[in-house]
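All heavy atoms count here, side chains included; hydrogens, waters and symmetry mates do not.
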Amino acid sequence: MFFAACIGSVFAPEGTSGGAAAAFLRLCERAGIPVAVPDGLAGLCCGTPWQSKGYTAGHRTMAARTLRALWEASDGGRLPVVCDASSCTHGLEQLAGALPESDRARFTALRFVDSVAFAAEHLLAALPTPRRLDSLALHPTCSTVHLGINDALRTVAAAVSAEVTVPDNWGCCAFAGDRGLLHPEVTASATAGQAAEITAGDFDAYASCNLTCEMGMSRATGRPYRHVLELLDEATA
């Protein structure tokens, strides 16, 4: 079951592919994997905007609404819930923690999987052999670290490029939801070392797995960062 992150609707992605959600759906269709989408998706959220700003009541309300919808749509947890933005996947994993302890047990069967991890485990073997780029600059995210999926991110990146480079100065881009919009100087400072490495090199493509992080890195480097699944989609079309 697919849970498209709302940041993909709020912000336009680089390029004309339609973003990570559209790329994921095309990849699943190409791989012969059926995908369901929960009813009322436009009114659901991973809860991160509420949690990060300390809006406890709003977070609890959204958690209850989203978890009930995902529980029903996933057939009581039988289907994994796949999300196309790593920060939102991480937020989904934390949703149950917003509920009273007595209400959490019902949702323990829900499984949240990032689209990159799903692609590495289920899509790559079922897709046509990708046409590989020569070089790719890769930006992991704080959420891929929390989720433990950096290896999966590298696996997908390696499927689309012969050489994958993660800068030695890689670190948090500090975009942090809306912080990068309100305080761009923070992102500029946080990414200065990594941006210097990137701009000193020459890469065929630039990739990450979370739209706001891609926005932050694009602004920091002047290079077009895109979700790695968009590149995989193009490489297997």
C213 vs H139 side-chain heavy atoms within contact, under 4.5 Å: yes
Atom pair SG/CG of C83 and L92 - distance to nearest 0.5 Å: 5.5 Å
Identified side chain to side chain contact (heavy atoms under 4.5 Å, CB included) counterpart of F3 within the set V82, V113, L44: L44
Donor-acceptor pair, side chain of R65 and main chain of G43, under 3.5 angstrom: yes
Selection residues 115-136 - residue pairs positive for ring pair (Phe, Tyr, Trp, His ring centres under 6.0 Å), sequence neighbours left out: F24-F118, F118-H122
Inter-residue atom distance Q194.CD - C172.SG, 0.5 Å rounding: 10.0 Å
Chi angles and distances behind the side chain to side chain contact (heavy atoms under 4.5 Å, CB included) call for S74, L110: CA-CA 8 Å; S74 68; L110 283 171; 3.3 Å; yes
Qualifying salt bridge (Lys or Arg N to Asp or Glu O under 4.0 Å) pairs, either residue in residues 66-91, two or more places apart: D75-R78
Atom pair CG (D134) and CG (L136), whose distance is rounded to the nearest 0.5 Å: 11.0 Å
Qualifying ring pair (Phe, Tyr, Trp, His ring centres under 6.0 Å) pairs with a residue from residues 77-100, counting only residues at least two apart or across chains: H90-H146
Inter-residue atom distance L232.CG - H227.NE2, 0.5 Å rounding: 10.5 Å
Between CG on residue D114 and CG on residue L153, distance to nearest 0.5 Å: 8.5 Å
Heavy-atom side-chain proximity of E214 to L211 below 4.5 angstrom: yes
Criterion salt bridge (charged side-chain N to carboxylate O under 4.0 Å, His left out) against E234, the qualifying member of R30, R226, R26: R226
Donor-acceptor pair, side chain of R132 and main chain of A158, under 3.5 angstrom: yes
Partner residues of T61 under the side-chain contact (heavy atoms from CB on, under 4.5 Å) criterion, sequence neighbours left out: none
Same cluster (ILVMFWY, side-chain, under 4.5 Å), L133 and L229: no
By ring pair (Phe, Tyr, Trp, His ring centres under 6.0 Å) - contacts of F112 (at least two apart): none
Straight-line distance of C209 SG to I149 CD1, nearest 0.5 Å: 5.5 Å
D204 side chain vs S135 backbone, donor-acceptor pair below 3.5 Å: yes
Donor-acceptor pair, side chain of T236 and main chain of P128, under 3.5 angstrom: no
Student check: side-chain heavy atoms of L95 and C46 closer than 4.5 Å: no
Under 3.5 Å donor-acceptor, E197 side chain and D168 backbone: yes
Under 3.5 Å: donor-acceptor pair, side chain of S86, backbone of S143: no
Donor-acceptor pair, side chain of T165 and main chain of P167, under 3.5 angstrom: no
Donor-acceptor under 3.5 Å (T66 side chain, C45 main chain): yes
Derivation of the side chain to side chain contact (heavy atoms under 4.5 Å, CB included) call for T221 and Y206: CA-CA 10 Å; T221 63; Y206 306 82; 5.6 Å; no
Transitive ILVMFWY side-chain link V116 to F2, under 4.5 Å: yes
Sidechain-backbone polar pair: W170 side chain, P140 backbone, donor-acceptor under 3.5 Å: yes
Name the atoms and distances for all side-chain donor-acceptor pairs under 3.5 Å in residues 31-41, with sequence neighbours left out.
none

